[in-house]
Amino acid sequence: MARRYDPERRQRIIDAAIRVVGRSGIAGLSHRTVAAEADVPLGSTTYHFASLDELLVAALRQANEGFASAVRESDALARPDCDIADELARITGRWLAADRTGVELEYELYLAALRRPALRPVAAEWCVGVMRILADRVDTVTACALVALLDGICLQVLLTGGEYDVDYTREMLGRILARSSAPSPTPLPTPSPTPSSAAAGARAPVD
């Protein structure tokens, strides 16, 4: 019997990996658990992702889009008269409130880069992506500081189980912005692609 072509299989495997990590943590991730979750043969997971690091890179890159997309899609930030501190504080609050489990999952994948060097360039993409958006409105150093502050506030909220304080976030962002200068041509860092992610992207989908 001819094998059925399944162009969506790679994406289903990534989605399954994200669900496994969300349910069982990084420790629960294996090719076998992901294959069972995605309802695909074990050989499919190892074909598309030769190592767990490759699979985690793909999962982290997908998870990274959450906050960056919210910032990118903000119409208010594109306006010259926008109160940047207020809008960023509101975006962060909406992001944290929309799907707390999803946010926790993003940070679990993000922090996995501490012990998995292959993930570090992809983890950096989250920061660099948001900084590039903000660098159109403020200087590069200020954009970096804004992202660092938001990253730290979100992590504190998740670790302590506390409530997000939009007023505090707005005030702290405002203090950083008050010290900012005109937009700077200083280039933002560009995360280097990992060999594993490049290899994964080069593979043609098969069933």
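- Side-chain atoms of Thr169 come within 3.5 Å of backbone atoms of Asp165 as a donor-acceptor pair (strictly under, hydrogens ignored).
- The two residues Ala135 and Ala143 have their closest heavy-atom pair at N-CB, 4.1 Å.
- Proximity of a side-chain donor or acceptor of Ser74 to a complementary backbone N or O of Ile91 within less than 3.5 Å is not detected.
- Tyr47 and Leu42 fall into different hydrophobic clusters, where Ile, Leu, Val, Met, Phe, Trp and Tyr side chains are chained together by heavy-atom contacts under 4.5 Å.
- In this structure a side-chain-to-backbone donor-acceptor pair under 3.5 Å is present from Arg137 to Arg79.
- Among Leu109, Leu114, Leu111, Val57, the single residue meeting the side-chain contact (heavy atoms from CB on, under 4.5 Å) criterion with Leu119 is Val57.
- In this structure, Ala50 and His31 approach most closely via the heavy-atom pair O-CE1, 3.9 Å.
- With sequence neighbours excluded, the residues that form a side-chain contact (heavy atoms from CB on, under 4.5 Å) with Ala123 are Leu60, Tyr110, Ala113.
- Closest heavy-atom contact between Ile13 and Ser44: CD1-O, 3.8 Å.
- Arg170 meets the side chain to side chain donor-acceptor pair (under 3.5 Å) test with Asp86, Asp167; sequence neighbours excluded.
- For the atom pair CG of Leu177 and CZ of Arg179, the computed distance is 12.0 Å after rounding to the nearest 0.5 Å.
- A distance of 7.0 Å separates OG in Ser30 from CG in Leu52, rounded to the nearest 0.5 Å.
- Other residues, nucleotides and ligands contribute more than 12 heavy atoms inside 6.0 Å of the CZ atom of Arg23.
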Working for side chain to side chain contact (heavy atoms under 4.5 Å, CB included), residues Cys154 and Val103:
CA-CA 9 Å; Cys154 290; Val103 174; 5.8 Å; no

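- Contact between Ala59 and Ile18 at its shortest, heavy atoms only, is CB-CG1, 3.8 Å.
- For Tyr164 against Val157, the heavy-atom pair with the smallest separation is CA-CG2, 4.1 Å.
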Between Thr92 and Val166, is a side chain to side chain contact (heavy atoms under 4.5 Å, CB included) present by the stated rule, with each step listed?
CA-CA 8 Å; Thr92 304; Val166 66; over 6 Å; no

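- Two residues are said to be in side-chain contact when any heavy atoms from C-beta on lie closer than 4.5 Å; Cys127 and Met131 meet this criterion.
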Let me see the working for Arg32 and Thr45 under side chain to side chain contact (heavy atoms under 4.5 Å, CB included), right down to the final yes or no.
CA-CA 8 Å; Arg32 191 171 299 280; Thr45 64; over 6 Å; no

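- In this structure a side-chain-to-backbone donor-acceptor pair under 3.5 Å is missing from Thr142 to Val138.
- Annotation: side chain of Leu77 is in contact with side chain of Leu88 (closest heavy-atom distance under 4.5 Å).
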Apply side chain to side chain contact (heavy atoms under 4.5 Å, CB included) to Val71 and Trp95, showing your working.
CA-CA 10 Å; Val71 175; Trp95 179 64; over 6 Å; no

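- Partners of Leu149 according to the side-chain contact (heavy atoms from CB on, under 4.5 Å) rule, which considers only residues two or more places apart in sequence or in another chain, are Ile153, Met172, Leu173, Ile176.
- Using modelled atom types, no side-chain atom of Glu37 and backbone atom of Ala17 make a donor-acceptor pair closer than 3.5 Å.
- Rounded to the nearest 0.5 angstrom, Leu56 CG and Ile26 CD1 are separated by 5.0 Å.
- Summarising the geometry of Leu155 relative to Tyr107, their closest heavy-atom pair is CD1-CD2, 3.8 Å, with the distance given to 0.1 Å.
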